[in-house]
K.L.:
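Handing you this structure, nothing more for now.
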Amino acid sequence: MVPTPITVRVPAKVNLHLSVGDARPDGYHELVTVFQALSLTDDVTVLAADEPALEVQGEGADSVPTGPENLAWKAVRLLAERSGRDPENPGLRISINKGIPVAGGMAGGSADAAATLQAVNQLWRLELGRDELSEIAAQIGSDVPFSLQGGTALGTGRGESLVPVLARHTFHWVIALDKEGLSTPGVYGELDRLRAENGNGRIGEVEPLLEALASGDPRQLALLLGNDLQAAAVSLRPNLRRTLRAGVQAGALAGVVSGSGPTCAFLCTDGEEAVRVAAELSGAGVCRTVRVAHGPVPGAKVLTEEPANRPTPPQVHA
Ligand SMILES: C[C@](O)(CO)[C@H](O)COP(=O)(O)OP(=O)(O)OC[C@H]1O[C@@H](n2ccc(N)nc2=O)[C@H](O)[C@@H]1O
Ligand SMILES: Nc1ncnc2c1ncn2[C@@H]1O[C@H](COP(=O)(O)OP(=O)(O)OP(=O)(O)O)[C@@H](O)[C@H]1O
């Protein structure tokens, strides 16, 4: 019997706190970060097929590679090797429906890799547990374990070592997408360059932010959002300064560049206020598109409903 296709929904992430240490000998930077999974999602469907194929639809689909460099194929190769299948001909077709901005600092490719791990684990009945999947996820990329786990988590090492964090209540966000993406290694490289030139501007300790998350008060959390990569992203994309200012002028409590950027995330007092801020920011003409989102949401999850029933995320075109 041909197994039924498996669809997994997987969230974007924002780093509420991203403290970047020095570059390590392996080229990675030591991080202390707090991830939150947001309600912008990709759906990844995996089904058995004679010829391997990968198709991408949705937000930014044209700029996503469909060949072996797609992180979803990397996930398949690792699971095939582990289960004694041919990594070059795994007998799978993958279909990705993107709602997460591509190259936006929201872990879009990592999300698809995490979703593929979940889907193929189920399709091939591998019965790999959470820890095993997490260990494979870390071989794909630093953000992939968090895409599997979701929620709110403290990440250390290169970001792959996770512990869940208590976050009371739901937080409401406005997400401003820029015209083009930024390269993650390029932004880390720019931070190294800026630090060599100007010394070590670093955000503070993570503990006050963890307390704000536990209190559930968005006003307290807003004061503590911070990202060491922000200066580097702004240096490479100076228009982000204007976007960050415009979000706060529109009524957000605070704004921060998401991960390596160029997406900016604005924290708002509640859901209604987020919709209002999104409309105003959209009218300011500083970014390509504005979305509203909330978090935390769960990590990669097999969908029991039909993907056709997927709710359309609220979207405001700038
Ligand atoms: C910016 C963040 O999104 C914040 O969560 C992540 O640090 C990036 O995670 P990612 O996209 O999964 O990154 P990876 O695929 O693991 O690494 C891509 C490149 O980013 C840089 N990189 C990544 C993670 C890290 N802790 N230090 C780094 O310097 C390295 O140049 C690396 O070659
Ligand atoms: N499934 C995928 N979806 C999107 N991009 C992918 C995928 N697989 C590989 N890529 C490549 O990865 C690059 C970065 O895309 P991605 O959307 O993961 O960036 P990002 O969100 O900035 O990543 P991160 O926040 O993890 O640093 C893209 O330009 C694309 O070439």
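In this text, all values refer to a predicted model and were calculated from it rather than measured experimentally.
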K.L.:
With the side chain counted from C-beta on, respond yes when Val257 and Pro262 share a heavy-atom pair under 4.5 Å apart, and no when they do not.
P.N.:
no
K.L.:
Between His294 and Phe171, is the ring centre distance below 6.0 Å?
P.N.:
no
K.L.:
Using a cut-off of 6.0 Å, state whether more than 12 heavy atoms not belonging to Glu205 lie near its atom CD.
P.N.:
no
K.L.:
Does any part of the side chain of Leu253, heavy atoms only, come nearer than 4.5 Å to the side chain of Thr269, both counted from C-beta?
P.N.:
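A side-chain contact under 4.5 Å exists here.
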K.L.:
With salt bridge (charged side-chain N to carboxylate O under 4.0 Å, His left out) as the criterion, how do Glu180 and Arg288 come out once you've worked through the C-alpha distance, each side chain's angles and the decisive distance to 0.1 Å?
P.N.:
CA-CA 9 Å; Glu180 273 173 61; Arg288 177 167 60 85; over 6 Å; no
K.L.:
If you take all heavy atoms of Asn227 and Gly259, which pair is closest and at what distance?
P.N.:
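It is ND2-O, 2.9 Å.
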K.L.:
Check whether any side-chain N or O of Glu160 sits under 3.5 Å from a backbone N or O of Ser142 as a donor-acceptor pair, and report yes or no.
P.N.:
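No, the answer is negative, given that no donor and acceptor are paired below the 3.5 Å cut-off.
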K.L.:
Does a sphere of radius 6.0 Å around CZ in Arg93 hold more than 12 heavy atoms from other residues, nucleotides or ligands, not counting ones at 6.0 Å or beyond?
P.N.:
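Atom CZ in Arg93 is not packed in, count stays at 12 or less.
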K.L.:
Are Leu221 and Leu154 connected in a single hydrophobic cluster, I mean Ile/Leu/Val/Met/Phe/Trp/Tyr linked by side-chain heavy atoms less than 4.5 Å apart?
P.N.:
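The answer is yes; both residues are in one hydrophobic cluster.
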K.L.:
To the nearest 0.5 Å, what is the distance between CD1 (Ile203) and CG (Asp228)?
P.N.:
5.0 Å
K.L.:
Where is the tightest heavy-atom contact between Ala61 and Val56, given as atom of each residue plus distance?
P.N.:
CB-O, 3.5 Å
K.L.:
Identify the heavy atoms of Ala114 and Ser147 that sit nearest to each other, and give their distance.
P.N.:
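For Ala114 and Ser147, the tightest heavy-atom pair comes out as CB-CB, 3.6 Å.
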K.L.:
Mind running side-chain contact (heavy atoms from CB on, under 4.5 Å) on Val286 and Asn239 for me, showing each step along the way?
P.N.:
CA-CA 8 Å; Val286 292; Asn239 65 293; over 6 Å; no
K.L.:
Nearest 0.5 angstrom please: Leu209 CG to Leu223 CG, how far?
P.N.:
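The CG atom of Leu223 is 10.5 Å from CG of Leu209, to the nearest 0.5 Å.
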K.L.:
More than 12 heavy atoms of other residues, nucleotides or ligands under 6.0 Å from CD of Glu127: is that the case?
P.N.:
no
K.L.:
How many angstroms lie between atom CG of Leu18 and atom OG1 of Thr33, to the nearest 0.5 angstrom?
P.N.:
4.5 Å
K.L.:
If you count the non-hydrogen atoms of other residues, nucleotides and ligands that lie under 6.0 Å from CD in Glu272, is the total more than 12?
P.N.:
no
K.L.:
Quick check: are there more than 12 heavy atoms from other residues, nucleotides or ligands sitting under 6.0 Å from CD of Glu197?
P.N.:
yes
K.L.:
With no hydrogens and no angle check, just 3.5 Å: does a side-chain donor-acceptor pair link Gln36 and Thr152?
P.N.:
yes
K.L.:
Does Arg237 use its side chain to pair, donor to acceptor, with the backbone of Gly181 at less than 3.5 Å?
P.N.:
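Answer holds: yes.
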K.L.:
Should Arg130 and Gln149 count as side-chain neighbours, where that means a heavy-atom distance under 4.5 Å?
P.N.:
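Arg130 vs Gln149: side chains touch.
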K.L.:
How close do Ala212 and Ser215 get, heavy atom to heavy atom, and via which atoms?
P.N.:
O-OG, 2.8 Å
K.L.:
Begin from the C-alpha positions of Arg242 and Asp178 and carry the test salt bridge (charged side-chain N to carboxylate O under 4.0 Å, His left out) through to its verdict.
P.N.:
CA-CA 12 Å; Arg242 209 152 46 102; Asp178 204 26; over 6 Å; no
K.L.:
Taking Ser258 for its side chain and Gly261 for its backbone only, find out whether a donor-acceptor pair lies under 3.5 Å.
P.N.:
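Checked: no pair found.
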K.L.:
Taking atom CG as the centre, does Asp50 end up with more than 12 heavy-atom neighbours from other residues, nucleotides or ligands that are less than 6.0 angstrom away?
P.N.:
no
K.L.:
Would the distance check show the side chain of Ser83 and the main-chain N or O of Leu79 forming a donor-acceptor pair, the cut-off being under 3.5 Å?
P.N.:
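Here the side-chain-to-backbone pair exists.
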K.L.:
Output the distance between atom CZ (Arg245) and atom CG (Leu240), rounded to the nearest 0.5 Å.
P.N.:
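Between atom CZ of Arg245 and atom CG of Leu240 there are 11.5 Å.
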K.L.:
I'd like to know if Glu30 and Arg24 make a salt bridge, using a cut-off of under 4.0 Å between side-chain N and carboxylate O.
P.N.:
yes
K.L.:
Answer with yes or no whether the side chains of Thr45 and Thr7 bring together a donor and an acceptor at under 3.5 Å.
P.N.:
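Result is yes, a qualifying pair exists.
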K.L.:
Is Val64 linked to Val8 within one hydrophobic cluster, defined over Ile, Leu, Val, Met, Phe, Trp and Tyr using a side-chain heavy-atom separation of less than 4.5 Å?
P.N.:
yes
K.L.:
If you measure from CG on Leu281 to SG on Cys287, what distance do you get to the nearest 0.5 Å?
P.N.:
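Here the rounded value is 4.5 Å.
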K.L.:
Would you check if Arg82 and Ile136 make a side-chain contact, meaning some heavy-atom pair closer than 4.5 Å?
P.N.:
yes
K.L.:
Going by atom types alone, do Thr184 and Ser260 pair a side-chain donor with an acceptor below 3.5 Å?
P.N.:
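On atom types as modelled, these side chains qualify, holding a pair under 3.5 Å.
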K.L.:
For Lys13 and Asn15: C-alpha separation, side-chain torsions, deciding distance, then whether side-chain contact (heavy atoms from CB on, under 4.5 Å) applies.
P.N.:
CA-CA 7 Å; Lys13 61 85 181 160; Asn15 304 79; 2.7 Å; yes
K.L.:
Please tell me whether Asp192 and His29 have a donor and an acceptor in their side chains that are separated by less than 3.5 angstrom.
P.N.:
yes
K.L.:
Is there a chain of hydrophobic side chains (I, L, V, M, F, W, Y, each step under 4.5 Å between heavy atoms) that links Ile140 to Leu54?
P.N.:
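Yes.
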K.L.:
Quick one, Ile94 and Trp73 - any side-chain contact, counting heavy atoms below 4.5 Å?
P.N.:
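Yes, at least one pair of side-chain atoms sits under 4.5 Å.
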K.L.:
Using modelled atom types and a 3.5 Å cut-off, is there a donor and acceptor pairing between side-chain atoms of Thr116 and backbone atoms of Asp112?
P.N.:
yes
K.L.:
When clusters are formed by joining ILVMFWY residues with side-chain heavy atoms under 4.5 Å apart, either directly or through shared neighbours, do Leu16 and Leu31 land in the same one?
P.N.:
no
K.L.:
Does the side chain of Arg202 come within less than 4.5 Å of Arg195's, by heavy atoms?
P.N.:
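They are in contact (side-chain heavy atoms under 4.5 Å apart), so the answer is yes.
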K.L.:
Spell out, yes or no, whether Leu123 and Ile96 are grouped together once hydrophobic residues are joined by side-chain heavy atoms under 4.5 Å, including indirect joins.
P.N.:
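Both belong to a single hydrophobic cluster.
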K.L.:
Run the side-chain contact (heavy atoms from CB on, under 4.5 Å) test on Met106 and Ile175 for me, step by step, so that the C-alpha distance in whole Å, both residues' side-chain angles and the decisive distance to 0.1 Å come before the verdict.
P.N.:
CA-CA 10 Å; Met106 301 195 82; Ile175 307 296; 3.9 Å; yes
K.L.:
Between Arg168 and Asp217, does any side-chain N to carboxylate O distance fall below 4.0 Å?
P.N.:
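Looking at Arg168 and Asp217, the cut-off is not met.
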K.L.:
Which heavy atom of Pro218 sits nearest to which heavy atom of Leu267, and what is that distance?
P.N.:
O-CD2, 3.4 Å
K.L.:
Any heavy-atom pair between the side chains of Cys268 and Val174 that's under 4.5 Å?
P.N.:
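Yes, side chains in contact.
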K.L.:
For the CD atom of Glu51 and the CG atom of Leu92, what is their distance to the nearest 0.5 Å?
P.N.:
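Rounded to the nearest 0.5 Å, the CD-CG separation comes to 12.5 Å.
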K.L.:
Are any of the side-chain nitrogens in Arg291 or Glu59 under 4.0 Å away from the carboxylate oxygens of its partner?
P.N.:
yes
K.L.:
If you count every heavy atom of other residues, nucleotides or ligands that lies below 6.0 Å from Arg219 atom CZ, does the total exceed 12?
P.N.:
no
K.L.:
Taking it one step at a time, do Leu148 and Leu133 satisfy side-chain contact (heavy atoms from CB on, under 4.5 Å)?
P.N.:
CA-CA 8 Å; Leu148 271 180; Leu133 284 179; 3.9 Å; yes
K.L.:
Between Arg158 and Asp143, does any side-chain N to carboxylate O distance fall below 4.0 Å?
P.N.:
no
K.L.:
For the residue pair Ala265 and Val14, what are the closest heavy atoms and their distance?
P.N.:
CB-CG2, 3.8 Å
K.L.:
Does this structure show an ion pair linking Asp42 with Arg9, if we count only N-O contacts that are shorter than 4.0 Å?
P.N.:
no
K.L.:
Tell me, do Trp173 and Ser39 make a side-chain contact under 4.5 Å, heavy atoms counted?
P.N.:
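No - every pair of side-chain heavy atoms lies 4.5 Å or more apart.
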K.L.:
I'd like to know if the side chain of Gln139 pairs up with that of Glu135 as donor and acceptor (distance under 3.5 Å, no hydrogens or angles considered).
P.N.:
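Per modelled atom types, Gln139 and Glu135 side chains form a pair under 3.5 Å.
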